Amino acid sequence: QLVPLDLDPEDLVAVLREYPETLYVSRDYDTLVQSLIEQQRFKAFQAVIKEFPLSAGSLKFGFDSDGNKVVTNAFTVANKMRDEMSLKSLLYTAQTPEVAGSSLPYIACESLPEIIAQGFEDMVVEYMQQLPFHPYKIPLKQANLRDGSVYRSSPTHLNTSFKKGAGREQGGLFGDLYDPRGMQVTASHVALPNLGKLGVLEAFCGANSSIFDNEAMTAVLEVLWEEHIKKLFYMKASVFLIMVIAWIMLVQLVVSSTGNIVMQTFDRVVYAVLLAINFWLIYEEYRQAKGSPGGVLKHFSDIWNALDVFSAVMMTTFVFLLEYDTSSDTYIFVGVAGTVLLMLKSLSFLRGFESTGWLITVLTQNVADVRPFLIVMLVIILGSSVAFNLLLSHATDEDDNKPYEGAWTSFFTVFLMSVLGDFDTQVFEQAGMHPSEFSKLVCQLLFLFVVMFVTVVALNALIALLGDSYAKVSEFESANKKKERAELICEYMGVMRGKKRRKINRVSKFFHKLGQKETEGGKEAGGGESDLEAFTRIVDELRAEIKGLKDIIL
């Protein structure tokens with residue numbers, strides 16, 4: 001009401017210098033920045049947030065139709081209008097040092113999932129790749145750091161290490177920080193806080209993997225994994241290993257019983273361990289699905305989550321069938337299914353190890369890329385198997401078996417023929433209801449088509465397709481590794497109780513990296529030497545040793 005919005009950008013800024021209170025908070029009315037976005041006055045909007053960067057975090061307080069309090073910010077308005085240019089300006093304003101102590105960086109971080117959901121994924125990827133680090137500007141209290149490490153902190157302190165005898169509050173706001181080698185270091189934090197929150201990480205996991213290929217997300221993932229998730233992962237992996245051992249022991253009991261299963265005391269213990277672990281796993285999956293932002297269906301659309309549930313259900317069913325019903329082979333079929341699912345589930349734990357996690361990423365991408373190819377192969381083999389079934393349904397091989405008698409038998413035989421090269425052409429003599437040379441020729445031509453198309457053409461195309469798939473993953477190897485780690489972190493944070501997750505968020509608002517500090521002359525402030533000086537000293541020492549050897553020889 002005090003500031004006309006139709007002024008030129010320069011005049012608008014001049015008026016706002018007289019009435020700065022109109023910029024930041026509003027009740028019932030949109031703030032000035034929000035109004036400029038709604039009226040699509042982009043130049044005026046840019047001029048205002050450039051002169052008054054804190055105004056980008058201005059808030060409107062109001063109430064909805066049910067009387068609930070509603071807080072609206074500039075990001076909300078820009079998202080609603082799908083205004084990409086305004087969103088980009090707001091995001092880049094939020095990463096400037098001038099607003100580091102305000103609420104704007106928090107608002108920007110909380111808005112990232114919604115921005116991605118609106119379809120501006122590429123913009124967020126580009127933004128994260130350019131996200132800077134700012135020097136820390138608070139006193140440091142305590143210590144234990146390694147040079148170049150990444151550590152977490154609350155907004156009021158950073159875990160640090162001080163050289164003996166050094167004043168803790170000397171040398172500026174930071175004090176004197178030294179690594180174990182005595183080199184003085186500096187600390188800087190990611191411009192946006194709260195990048196380690198579950199909602200933000202889940203949104204990033206659903207985006208292009210390149211969103212993780214930057215220093216900021218490297219710091220975030222390193223801290224969360226090392227400080228909070230790694231121990232949980234190893235604990236759960238240990239429980240899983242116990243379950244695998246118990247499962248193998250139970251299967252051996254079934255195999256050695258020859259149908260008459262008699263459980264001893266030790267077998268009962270194994271039985272109880274399996275039940276307890278599987279019930280616990282099912283409960284954990286239930287909690288994770290219940291708390292998933294995308295709902296239960298989206299949660300179980302992830303193959304690893306589905307494997308967790310189905311493997312636990314199959315193993316539990318197998319254990320109960322052993323106790324109550326072994327009169328048929330149903331329990332054996334359930335046990336086979338449980339074993340296969342358990343094997344696939346073990347791949348999920350391999351994602352947490354440096355040496356095997358990358359291989360799982362490659363295999364997962366390969367499976368995703370070959371699905372269309374497998375559908376084409378299935379159609380060809382299925383059609384060929386029906387044709388062979390029609391021609392050779394009554395034919396018998398040397399062992400008096402009928403390899404093409406039924407639909408499934410014919411499909412299996414054609415699969416062995418086309419993919420593995422296992423075939424018997426002698427049965428072609430019996431082609432047709434009234435075998436003749438022509439029916440034999442038809443059968444041979446069909447055989448040549450299947451072998452040439454599937455074995456020679458299709459399988460070589462599959463090799464080329466897998467090569468392209470590997471190259472595609474390798475091109476973004478670093479980003480894909482970090483995305484795999486982020487998905488594991490989300491998985492474990494998803495099953496945490498709210499209190500523990502809130503504690504992690506509280507101590508992980510800001511993420512930091514450390515670097516060596518150098519003076520204007522290049523010498524490190526901690527009394528050490530620069531890299532150039534160290535290299536020069538080593539060269540001089542080598543020269544002196546070589547000269548001494550020459551003197552001895554001569």
Side-chain angles (χ1 to χ4, degrees), residues 301-304 306-307 310 314 329 332-333 336-341 343-344 347 358-476 480:
S301 65
D302 183 273
I303 184 64
W304 302 117
L307 280 174
F310 287 125
M314 283 296 179
D329 285 344
I332 293 179
F333 303 140
V336 169
T339 303
V340 173
L341 291 172
M343 173 192 67
L344 295 175
L347 298 178
W358 170 239
L359 293 176
I360 301 303
T361 302
V362 171
L363 292 174
T364 304
Q365 186 63 47
N366 285 345
V367 171
D369 288 342
V370 301
R371 279 184 297 183
F373 175 85
L374 293 178
I375 293 173
V376 173
M377 287 280 289
L378 177 64
V379 170
I380 294 171
I381 295 175
L382 181 61
S384 302
S385 68
V386 173
F388 273 112
N389 179 233
L390 189 61
L391 283 167
L392 300 167
S393 60
H394 62 284
T396 57
D397 58 17
E398 295 177 351
D399 299 323
D400 291 331
N401 295 319
K402 294 184 176 181
Y404 302 95
E405 182 178 16
W408 169 251
T409 306
S410 180
F411 178 84
F412 187 70
T413 304
V414 173
F415 177 84
L416 294 178
M417 174 198 302
S418 58
V419 177
L420 302 180
D422 182 10
F423 51 83
D424 178 13
T425 58
Q426 296 298 321
V427 296
F428 294 171
E429 302 285 347
Q430 308 170 47
M433 296 298 178
H434 307 285
S436 64
E437 287 298 320
F438 180 74
S439 59
K440 178 182 175 181
L441 177 63
V442 171
C443 201
Q444 290 172 337
L445 289 174
L446 182 59
F447 169 77
L448 289 174
F449 166 76
V450 173
V451 171
M452 288 295 294
F453 191 87
V454 177
T455 309
V456 178
V457 178
L459 292 184
N460 280 284
L462 176 62
I463 294 171
L465 185 62
L466 291 175
D468 290 342
S469 177
Y470 178 78
K472 182 169 62 176
V473 178
S474 298
E475 184 180 356
F476 303 100
N480 285 318

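These numbers come from a predicted model, not from an experiment. FYI, side chains are in, hydrogens and waters are out, and symmetry mates aren't considered; it's all heavy atoms of this structure.
- Side-chain contact check for Asn389 and Ser410: no donor-acceptor pair (N or O, by modelled atom type) lies under 3.5 Å.
- With Asp424 contributing its side chain and Gln426 its backbone, the two residues share a donor-acceptor pair below 3.5 Å.
- Between Thr396 and Gln430, some side-chain heavy-atom pair lies under the 4.5 Å cut-off.
- Looking at Phe423 and Leu416, their side chains never come closer than 4.5 Å, going by heavy atoms from C-beta outward.
- Expressed to the nearest 0.5 Å, how far CG of Asn366 lies from CG of Asp468 amounts to 10.5 Å.
- Between the side chain of Ser384 and the main chain of Ile381, no donor-acceptor pair closer than 3.5 Å is present.
- With rounding to the nearest 0.5 Å, the separation of CG in Leu465 from CG in Leu459 is 12.0 Å.
- Lys402 and Thr409 get closest at one heavy-atom pair: O-CG2, 3.6 Å.
- Between Ile380 and Phe453, some side-chain heavy-atom pair lies under the 4.5 Å cut-off.
- For the pair Thr339 and Met314, the minimum side-chain heavy-atom distance is 4.5 Å or more.
- Panel note: side chain Asn460, backbone Val456; a donor-acceptor pair is recorded below 3.5 Å.
- In terms of modelled atom types and a separation under 3.5 Å, the side chain of Ser418 and the main chain of Val454 share no donor-acceptor contact.
- Looking at Leu391 and Tyr404, their side chains never come closer than 4.5 Å, going by heavy atoms from C-beta outward.
- Nearest heavy-atom pair, Ser385 versus Val414, reported as atom, atom and distance to 0.1 Å: CA-CG2, 3.6 Å.
- Under a 3.5 Å cut-off, the side chain of Gln444 and the backbone N or O of Phe428 do not form any donor-acceptor pair.
- The closest side-chain heavy-atom distance from Phe388 to Cys443 is below 4.5 Å.
- When atom types are taken as modelled, the side chain of Asn480 and the backbone of Phe476 share a donor-acceptor pair closer than 3.5 angstrom.
- Note: Trp304 CH2 to Leu344 CG = 7.5 Å, rounded to the nearest 0.5 Å.
- For the pair Thr364 (side chain) and Ile360 (backbone), a donor-acceptor distance under 3.5 Å is present.
- Residue Phe373 holds its CZ atom at 11.5 Å from CG of Leu378, rounded to the nearest 0.5 Å.
- Atom OG of Ser439 and atom CD of Glu429 lie 9.5 Å apart (nearest 0.5 Å).
- More than 12 heavy atoms of other residues, nucleotides or ligands lie within 6.0 Å of CZ in Phe447, so this atom counts as buried by the packing criterion.
- Between Leu359 atom CG and Leu347 atom CG the span is 10.5 Å, to the nearest 0.5 Å.
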